[in-house]
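The block underneath contains the structure these notes are about, expressed in structure tokens.
A quick note: this is a predicted structure, and the numbers were derived from the prediction, not measured. In what follows, residues are counted from 1 in the order of the sequence shown.
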Amino acid sequence: MNVEIFNSIIGSDFFTGVPDSQLKALCDYLMDTYGIDSKHHIIAANEGNAAALAAGYHLATGKIPVVYMQNSGEGNIINPVASLLNNEVYAIPVIFIIGWRGEPGEIDEPQHVFQGKITLKLLSDVDIKFFVIDKNTLEQKLTAVMNDFRNILASGKSVAFIIRKNALSYNKRIDYVNKNIINRETVIHHIIKASGKDPIVSTTGKISRELFEARESNGQCHNYDFLTVGAMGHSSSIAFGIALNKPNTRVWCIDGDGAILMHMGAMAILGSIAPRNMIHIVINNEAHETVGGMPTAASHIELVAIAKACGYPYAVCVNSLEGLDEELYTIKRRNTLSFIEVKCSIGSRENLGRPTTRPVKNKLDFMEYLKNIPD
């Protein structure tokens, strides 16, 4: 279904959410039509943030907002849905548009499989009526469903549209670029050269994919790395937990701008303890590149200033490979919690692969490696 028809049937004029590859047509349409606009479209830090923002919109206008997300974000909306939006609390109606990754019967990445199985059940459990849209859904059917949904919304309840793969289309191509020069995959090669055999925790998306392929191309084993293929925004906390329990081992975290925005409070906890053996690197391309390239707020904020305000003893931003190398080799000798923001371009290889080892094997190999490192 063409996304313009889809949106005309829904009839809302305020959208907020977190981009998803299943919803790329919708996201591209919103960026093409509104860009980032306080009246019509805001890309949120996380899905719970979007749900709360939508609640504020409804309180101020009385109109129905739309919150879009990948189904992995359902976990982030459970609390605001159950304790804020629910009709037994404030009865704030929201239309959720949810990309269905890991749908049963569809081949997908391991981090999506279980989430895909419980996607519809979670909505039922929190009393949200849903309708599944595929590429064969007719305009007349969707119109009838939306008419039914309007009665539900009027009662203070929320509804959801579940979007199957290729269900939505948009006839314009939107290209996302920034002014940064250095390439993320090259940055990762420089990091692993500097880190040696130190353990690395990498964030969700292309960073973990490129780290895996960098090890392959170098002929190295993967035991040094924990690839956080799911749980976006939590890789720094995982690395933090390891650093606390392996105080004599330098632990690296390779993070992304979208991920760090999603759960930025983790930086405050990290800074309050300030483990001397952790290096936190954020590769900032100012985009949700893995799911299409839509912008993040990271182009408008000072991550280094935030890190320092959170208590990181050392924080710096680099935008060249020469500057990166200087910091990587200097930071290893500092013996203090350190933060490096690396400004990089948007883009990856067309033939970029995915990890070929299962997550459980990655965990066991990584744990075995850590076990042999003295505490």
Problem set entry | Intermediate values then yes/no, side-chain contact (heavy atoms from CB on, under 4.5 Å), Gln115 and Glu74 | CA-CA 9 Å; Gln115 185 72 53; Glu74 282 186 337; 3.6 Å; yes
One thing to verify: whether [Y] and [X] come together as a salt bridge, which I'm taking to mean a side-chain N less than 4.0 angstrom from a carboxylate O.
X: Lys343; Y: Glu341; answer: yes
X: Lys165; Y: Glu106; answer: no
X: Lys363; Y: Asp365; answer: no
X: Lys39; Y: Asp13; answer: no
X: Glu103; Y: Lys117; answer: no

Output yes when a side-chain donor or acceptor of [X] lies under 3.5 Å from a complementary backbone atom of [Y], and no otherwise.
X: Asn46; Y: Gly48; result: yes
X: Ser21; Y: Val291; result: no
X: Asn277; Y: Asn335; result: no
X: Thr137; Y: Ile133; result: no
X: Ser208; Y: Thr204; result: no
X: Ser12; Y: Val66; result: no
X: Asp257; Y: Asn284; result: no
X: Asn49; Y: Gly17; result: no
X: Asn245; Y: Gly241; result: yes
X: Asn372; Y: Glu368; result: yes

For this session: Go through the steps to decide whether Arg184 and Glu289 satisfy the test salt bridge (Lys or Arg N to Asp or Glu O under 4.0 Å), and finish with yes or no.
Result: CA-CA 11 Å; Arg184 182 184 55 246; Glu289 185 186 332; 2.7 Å; yes
For this session: Tell me, with the steps shown, if Glu327 and Tyr314 meet side chain to side chain donor-acceptor pair (under 3.5 Å).
Result: CA-CA 11 Å; Glu327 289 296 334; Tyr314 183 80; 2.7 Å; yes
Quick one: which residue pairs count as a ring pair (Phe, Tyr, Trp, His ring centres under 6.0 Å) with a foot in [range], not counting sequence neighbours?
range: residues 335-375; result: Tyr224-Tyr369, Phe226-Phe366, His280-Phe339, Tyr312-Phe339
range: residues 96-142; result: none
range: residues 247-268; result: His234-His263

Would you tell me whether [X] and [Y] have side-chain atoms, one donor and one acceptor, within less than 3.5 Å of each other?
X: Arg150; Y: Asn147; answer: yes
X: Thr228; Y: Ser235; answer: no
X: Thr290; Y: Lys206; answer: no
X: Asn218; Y: Gln220; answer: yes

First locate atom [atom1] of [X], then atom [atom2] of [Y], and finally report the distance between them rounded to the nearest 0.5 Å.
X: Thr296; Y: Met262; atom1: OG1; atom2: CE; value: 11.0 Å
X: Glu210; Y: Arg215; atom1: CD; atom2: CZ; value: 14.0 Å
X: Thr249; Y: Lys197; atom1: OG1; atom2: NZ; value: 13.5 Å
X: Asn2; Y: Ser169; atom1: CG; atom2: OG; value: 5.0 Å
X: Gln70; Y: Glu47; atom1: CD; atom2: CD; value: 8.0 Å

Exercise. Within a reach of under 6.0 Å around CG of Leu59, are more than 12 heavy atoms found that belong to other residues, nucleotides or ligands?
Worked result: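 Yes.
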For this session: Count the heavy atoms of every other residue, nucleotide or ligand shown that sit under 6.0 Å from CD1 of Ile181, and state whether that count exceeds 12.
Result: no
Exercise. Do you know which of Lys193, Arg250, Lys332 makes salt bridge (charged side-chain N to carboxylate O under 4.0 Å, His left out) with Asp198?
Worked result: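 Result: among Lys193, Arg250, Lys332, Arg250 is the only option passing the salt bridge (charged side-chain N to carboxylate O under 4.0 Å, His left out) with Asp198.
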Please tabulate, one pair per line, all N/O donor-acceptor pairs under 3.5 Å involving side-chain atoms of residues 297-308, not counting sequence neighbours.
none

For the residue pair [X] and [Y], establish whether any side-chain heavy-atom pair is separated by less than 4.5 Å.
X: Leu23; Y: Ile163; result: yes
X: Arg209; Y: Pro355; result: yes
X: Leu168; Y: Tyr29; result: no
X: Ile162; Y: Leu123; result: yes
X: Val67; Y: Ile95; result: no
X: Leu211; Y: His222; result: no
X: Ile97; Y: Ile10; result: yes
X: Ile242; Y: Leu244; result: no

For this session: Using the side chain to side chain donor-acceptor pair (under 3.5 Å) rule, collect all pairs that involve residues 84-97, keeping only residues at least two apart or in two chains.
Result: none
On a heavy-atom basis, which atom in [X] and which in [Y] lie closest, and how many Å separate them?
X: Ile283; Y: Val187; answer: CD1-CG1, 3.9 Å
X: Ile346; Y: Asn285; answer: CG1-O, 3.5 Å
X: Ser237; Y: Ala266; answer: OG-CB, 3.5 Å
X: Ala50; Y: Thr16; answer: O-CG2, 3.4 Å
X: Leu324; Y: His190; answer: CD2-CB, 4.0 Å
X: Ser217; Y: His189; answer: OG-CE1, 3.4 Å

Exercise. Can you tell which of Tyr34, Tyr57, Tyr68 makes a ring-ring contact (aromatic ring centres under 6.0 Å, His included) with Phe14?
Worked result: Tyr57
For this session: Taking ring-ring contact (aromatic ring centres under 6.0 Å, His included) as the test, write out the residues that go with Phe161, two or more places apart.
Result: Phe6, Phe149
Seminar exercise, completed: In Ile98, Asp20, Leu120, the residue satisfying side chain to side chain contact (heavy atoms under 4.5 Å, CB included) with Asn71 is Ile98
[X]-[Y] co-clustered via ILVMFWY side chain contacts under 4.5 Å:
X: Tyr170; Y: Ile36; answer: yes
X: Ile238; Y: Leu337; answer: no
X: Met232; Y: Ile43; answer: no

Exercise. Distance under 6.0 Å and angle within 45° of the ring axis: does Arg354 meet both against Phe212?
Worked result: no
